[in-house]
Amino acid sequence: ETGVTQTPRHLVMGMTNKKSLKCEQHLGHNAMYWYKQSAKKPLELMFVYNFKEQTENNSVPSRFSPECPNSSHLFLHLHTLQPEDSALYLCASSQGLAEQFFGPGTRLTVL
Amino acid sequence: AQSVTQLDSHVSVSEGTPVLLRCNYSSSYSPSLFWYVQHPNKGLQLLLKYTSAATLVKGINGFEAEFKKSETSFHLTKPSAHMSDAAEYFCVVTPPQQGGKLIFGQGTELSVKP
C-alpha cells in the first residue's frame, strides 16, 4: 500500500449505531487530518493531529471522536449520528506544514 | 480572516481548447495557495502550489497558475483541455505559519466536451 488509505470506502449506519473510520498513511508524515465534504459546501477541517497530539478541533460535535494511536494511523469514532452527518469524510497527512496528501475518503450515509 | 472565492461553480470547455478556472483570495498577509483536483470517487490530488517564490507556478498535467497580488487572484489555466481533465477543482489558501489550516473554496466543476 502506498499513500493514504481509508477504510471502509462506503458505510451506511443507523442513528443508534457505533462505527469507526480508519485512516493509514504510508508516507512517514507526522501530521494527520480529518475533513468533512458535504454536497454544495466547501471542505471543512474537523481535526488536526501533530505527532499524535490533537492540535485542532474545529468545533466538531462530540458524536465524532478522533483517535490517533501513532503517527501512521487515525480513527474517527462515530456514535448517535444524525442524517445531516452524511458526507464524504477525507483523511489527509503532511510532513509538518508542507502540502497535504489525501486519501480516497469514506462515503458515509446515516439513515 | 482568510478566505477564498472560486468565481465559477461550473465551467464547460471543448477538448483541445484552453481552460481558465478563477480564484480570488482574501488574506492580510502573503498566504500559501494551492490548487487541488478531485476526480469522481477519488481523494484530492495536489495540482500545484504557490509559496512566495515564482509568481507563475507550473503543476502536473500541464496546469499552471499565476499569483497576482495586486488582483488577489490565483487563476488556474491549461492551454489545451483533455477529456481526463473533467473533475472538481479546489482553490485553497493557508495562512502564514498555519500550514495545517487549509481553507477551501467552493470548488469548480470542469466538464470537457468531445
Side-chain angles (χ1 to χ4, degrees), chain A residues 1-10 21 23-27 29-51 53-59 68 74 87-108, chain B residues 1-10 21 23-26 29-53 57-60 63 65 74 87-109:
Chain A
E1 292 277 16
T2 58
V4 181
T5 58
Q6 290 186 243
T7 54
R9 295 293 309 275
H10 300 272
L21 310 185
C23 175
E24 184 173 0
Q25 59 96 0
H26 309 268
L27 301 168
H29 290 164
N30 56 19
M32 297 187 76
Y33 313 79
W34 279 117
Y35 289 86
K36 177 182 179 182
Q37 185 177 26
S38 304
K40 308 300 182 186
K41 293 175 69 174
L43 270 79
E44 304 169 63
L45 177 65
M46 300 174 72
F47 301 104
V48 180
Y49 277 81
N50 281 291
F51 295 101
E53 298 296 321
Q54 188 181 128
T55 57
E56 184 86 22
N57 178 337
N58 205 20
S59 302
C68 189
L74 183 65
L88 182 68
Y89 288 85
L90 291 163
C91 173
S93 71
S94 69
Q95 182 60 30
L97 302 181
E99 64 264 28
Q100 296 179 22
F101 291 79
F102 285 79
T106 295
R107 174 70 61 186
L108 173 67
Chain B
Q2 325 295 326
S3 67
V4 62
T5 302
Q6 292 183 243
L7 299 167
D8 307 292
S9 59
H10 186 257
L21 305 183
C23 172
N24 286 103
Y25 69 91
S26 170
Y29 307 95
S30 295
S32 293
L33 292 157
F34 307 81
W35 276 97
Y36 279 85
V37 61
Q38 186 178 30
H39 288 91
N41 300 313
K42 297 285 183 66
L44 279 77
Q45 180 184 19
L46 181 67
L47 273 180
L48 49 81
K49 64 177 179 179
Y50 166 77
T51 54
S52 74
V57 182
K58 293 188 183 299
I60 62 172
F63 284 95
F74 190 58
E88 186 100 20
Y89 291 80
F90 295 93
C91 184
V92 181
V93 64
T94 183
Q97 306 307 316
Q98 296 186 52
K101 298 194 72 163
L102 297 186
I103 299 169
F104 283 78
Q106 297 267 16
T108 298
E109 183 178 356

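Just so you know, these numbers use all the heavy atoms, side chains as well, and skip hydrogens, waters and symmetry mates. Just so it is clear: chains get the letters A, B, ... in the order the sequence lines come, proteins before strands, and each one is counted from 1.
- Under the 30°/60° scheme for interplanar angles, the aromatic rings of A/Tyr35 and A/Phe102 are found to be tilted.
- With rounding to the nearest 0.5 angstrom, the OG1 atom of B/Thr5 is 8.5 Å from the CD atom of B/Gln106.
- Among the candidates B/Phe34, B/Phe74, B/Tyr36, B/Phe63, the single residue satisfying the ring-ring contact (aromatic ring centres under 6.0 Å, His included) test with B/Tyr89 is B/Phe63.
- Chain B forms more heavy-atom pairs under 4.5 Å with one residue of A/Arg9, A/Gln6, A/Gln37, A/Lys41 than with any other, namely A/Gln37.
- Separation of atoms CG (A/Leu108) and CG (A/Leu88) is listed at 9.5 Å; rounding is to 0.5 Å.
- B/Phe90 places a side-chain heavy atom less than 4.5 Å from the side chain of B/Gln6.
- If you measure heavy-atom distances from B/Leu44 to chain A, the contacts under 4.5 Å come from both the backbone and the side chain.
- Contacts between B/Lys42 and chain A at a heavy-atom distance below 4.5 Å involve the backbone alone (N, CA, C, O).
- The candidate from A/Ser94, A/Gly105, A/Gly103, A/Ala31 with the greatest count of non-hydrogen atom pairs under 4.5 Å with chain B is A/Gly103.
- If you measure heavy-atom distances from A/Leu90 to chain B, the contacts under 4.5 Å come from the side chain alone.
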